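Data block below; observations after.
Keep in mind that the numbers below use all heavy atoms, side chains included, and drop hydrogens, waters and symmetry copies. The structure displayed is predicted, hence computed values, not measured ones.
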Amino acid sequence: MRSAYWVVERVINLNMHSIVDVLVDGYLNNEASCKVLDLLLWLYTKKLDVERCLWVFDKMVKNGFLPDVKNCNRILRILRDKGLVGKAREVYELMGQFGIKPTIVTYNTMLDSFGKEGNVQQAFNLLLEMQGNGCRPNDVTFNTLINGLSKKGEFEEARGLIANALNKGFKVSAYTYNSLICEYCRRGMLVEALGLKEEMKMRGALPTVLTYNAFMHGYCKQGRVSSARQWIPIMLKKNLMLDIVSYNILIYGYCLLGDTREALILLSELKKRNLKPSAVTYNTIMDGFSRHGDLESARQFKDKMIKDGISPDIFTYTILINGSYRTGNIWLAKKFYHEILHKGLQLDRIAYTSCIAGELKLGDLYAAFKLQEEMLAKEFPADVITYNVFVDGICKLGDLEEACELLQKMIQDGIVPDHVTYTSIIHAHLEIGYLRKARELFGEMLSKGLSPTVVTYTVLIHAHAGEGRLELAFIYFSEMMENGILPNVITYNALINGLCKFIKMDEAYRWFSQMQSNGILPNKYTYTIMINGNCDLGNWEEALRLYKEMLDRGIQPDSCTHSALFKHLRKDYMSFAVQELESIILDGREKAEAIT
DNA sequence: GTAGGGTTAG
């Protein structure tokens, strides 16, 4: 058989794929043909050549040759990994039709496919079918189902299955817990994740690098890289080494905070440890640069990536296109778009949506619709996000009527508007002063069972406070708290803005300190609002005190801050004011220098 | 297991 393997491998390498037809036509005796065909199939699965796998599989079953179930399982695994669940289902059905008896591996692979697709119901149906066929679930079956449930956020059910598995005497492992911990961390539910880690320990399941990466990811997402790093010594103590994913996660954490310098330090550190940066590493850093206004460094990083032997992928280009639109450089965005096509890369759903959002931001509705047609032609029908991009884009272009029509079309297309859709529409109504209508829409949103987020509440608070409807703004604020949604700095700014505008300075100061006792630091917007309010009242001293305070806290003022400070000054005071500011700034710098 | 698309403030 070894020599047969060698021969078939040569045949494939010589591109003599038509050997399949020869074999199927029965030139050899059936048993020999079948063996060789199986060998071919195996080699195609090793090459991850889905097309040819399916082609041989199909030829075989339709000509009375039954492929080895192990090869069928290999095909199912490839289809699962490529997300081709529909094809996997077809193969599975053909297996049944032609009498290839599924093994536990077949079932587990299919269950995993369904779970990855988010179709837990179908997974459970298959579980019943499997048991009906006398195949008993094993620990992998349990872990797979737990994985599927976790992905959907059905945590209670997932935990129930763990209990179930334990009851049945199965051993639980990191595979059982990692998926749940990952999902908890991804959703910011760190307390739950930590609790599960304790349970894991209690049951004797050892955490893996993946477990720790999940935690680091959870902390990084919340902007807490230092907390994330505290896991490193714990890992090392257990003889677990940081892998490239760990580094990518930490790099991502620093990039989120805008600290690309620290991200680059990690990049050189991982290289020193003989880890190879991946496309993810480069893309993450590029996105960090781009989001913090340094598109030029992002572009240079793309060249660096190529020099280091990694080809830019669709992520890379999406990041660069987003950055180009962000800086209003439509020409550059187009250049990257054409580069994608030129390199033979395919735009995916996200790349298209980015382009559409960019065109809308620049006001080119026509270009946006054209891209959507192109998307449709490539069999990416609009999803809820595409619609949201259009709805919000059209709102921002000032055509609320058209946006509402689009909302109707969306529903007709069978896409259910979500909290973002409603927040955009509500925001648009608020912007033009239709507060009542906005409140109605908010009610409609609630009645559809959609959960408002901090953004929804913040736009409502902002508009109501800004129009002097402070009592309503406070109602929204407390409603939000009651629903367990935490206000952020923008929410507080919206409230403080209304209070300042309607000269309730005492209350504004109360909220200003309350936000800080709740652990939310004022930013340059907060200070600008407060400075503006004081300047309007002629409290020049207080405005300057605030200005100094923000500098002391390392918060950079911008032109809005300055125009708020200057707005009531007559021209002849201007030069005095500039002097005064300069002395503050100089004073601040000296302090900073004294520290460093 | 890690990276890219949608909603908020002066």
Side-chain angles (χ1 to χ4, degrees), chain A residues 174 178-179 181-183 185-186 208-217 220-221 243-253 255 278-288 290-291 313-323 325 348-358 360 383-393 395-396 418-428 430 452-463 465-466 487-498 500-501 523-533 557-561 563-564:
Chain A
N178 279 347
S179 56
I181 290 180
C182 280
E183 205 50 44
C185 287
R186 182 173 299 138
T208 60
V209 176
L210 212 136
T211 321
Y212 290 106
N213 284 348
F215 280 107
M216 292 202 283
H217 189 218
C220 283
K221 271 189 91 161
D243 65 4
I244 183 63
V245 176
S246 325
Y247 275 100
N248 287 345
I249 287 166
L250 290 169
I251 286 173
Y252 166 75
C255 286
S278 62
V280 178
T281 322
Y282 289 98
N283 290 340
T284 307
I285 296 173
M286 286 171 63
D287 197 44
S290 168
R291 276 183 206 274
D313 57 15
I314 194 63
F315 280 78
T316 319
Y317 282 105
T318 309
I319 288 161
L320 290 168
I321 286 176
N322 278 327
Y325 280 120
D348 62 10
R349 184 185 284 287
I350 295 181
Y352 272 117
T353 313
S354 300
C355 291
I356 291 173
L360 285 170
D383 65 1
V384 64
I385 297 186
T386 327
Y387 269 108
N388 286 347
V389 166
F390 271 107
V391 167
D392 189 61
C395 282
K396 295 228 163 76
D418 66 2
H419 60 280
V420 177
T421 327
Y422 270 98
T423 303
S424 290
I425 295 269
I426 289 169
H427 182 229
L430 293 167
T453 65
V454 60
V455 181
T456 324
Y457 278 112
T458 301
V459 299
L460 284 162
I461 290 168
H462 175 246
N488 60 24
V489 61
I490 306 177
T491 323
Y492 281 107
N493 288 348
L495 259 183
I496 294 171
N497 182 48
C500 284
K501 199 164 163 191
N523 60 14
K524 71 175 176 186
Y525 292 84
T526 327
Y527 276 104
T528 304
I529 293 164
M530 300 282 288
I531 288 170
N532 185 54
D558 64 12
S559 64
C560 283
T561 324
S563 55

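T453(A) is listed as a side-chain neighbour of T456(A), based on a closest heavy-atom distance under 4.5 Å.
Comparing dT2(B), dG10(B), dT7(B) against the side chain of V280(A) picks out dT2(B) as the nearest. Ranking dA3(B), dT7(B), dG5(B) by closeness to the D392(A) side chain, first place goes to dT7(B). The listed nucleotides are dT8(B), dG5(B), dT2(B); the one nearest the side chain of V245(A) is dT2(B).
The base of dG5(B) lies close enough to the side chain of T353(A) for a donor and an acceptor atom to sit less than 3.5 Å apart. Side-chain atoms of T316(A) stay outside donor-acceptor range of the base of dG4(B), with no qualifying N/O pair under 3.5 Å.
I314(A) comes within 4.0 angstrom of a nucleotide base, judged by non-hydrogen atoms across all strands. Residue contacts shown for T561(A) include a base, since a base heavy atom lies under 4.0 Å away. The residue A564(A) sits apart from the nucleic acid: no heavy atom pair falls under 4.0 Å. Using a 4.0 Å heavy-atom cutoff across all strands shown, V489(A) reaches no nucleic acid atom at all. Nucleic acid contact class of K221(A) (heavy atoms, under 4.0 Å, all strands): none. Within the 4.0 angstrom heavy-atom criterion, only backbone atoms of the sugar-phosphate kind lie near N322(A); the bases stay farther away.
Between the CD1 atom of I426(A) and the P atom of dT7(B) there is a distance of 15 Å, given to the nearest Å. Separating the CD1 atom of I461(A) from the C1' atom of dG10(B) is a distance of 16 Å, rounded to the nearest angstrom. In this structure, CD1 of I350(A) is placed 11 Å from P of dA3(B), rounded to the nearest angstrom. When the P atom of dA3(B) is taken as reference, atom CD1 of I249(A) falls 7 Å away, rounded to whole Å. When the C1' atom of dG4(B) is taken as reference, atom OH of Y325(A) falls 15 Å away, rounded to whole Å. Rounded to whole angstrom, the span from the NE2 atom of H462(A) across to the P atom of dT7(B) amounts to 17 Å. Look at CG on N493(A): it is 15 Å from P on dT8(B), rounded to the nearest Å. Per the geometry, CG belonging to D313(A) stands 12 Å off P belonging to dG4(B), to the nearest Å.
When each of D313(A), T318(A), I314(A) is paired with T316(A), the side-chain contact (heavy atoms from CB on, under 4.5 Å) condition holds for D313(A) and for no other. No option in I319(A), I249(A), I251(A) other than I251(A) meets the side-chain contact (heavy atoms from CB on, under 4.5 Å) test with T284(A).
Of the possible polar contacts, one joining the K221(A) side chain to the R186(A) backbone as a donor-acceptor pair under 3.5 Å is found.
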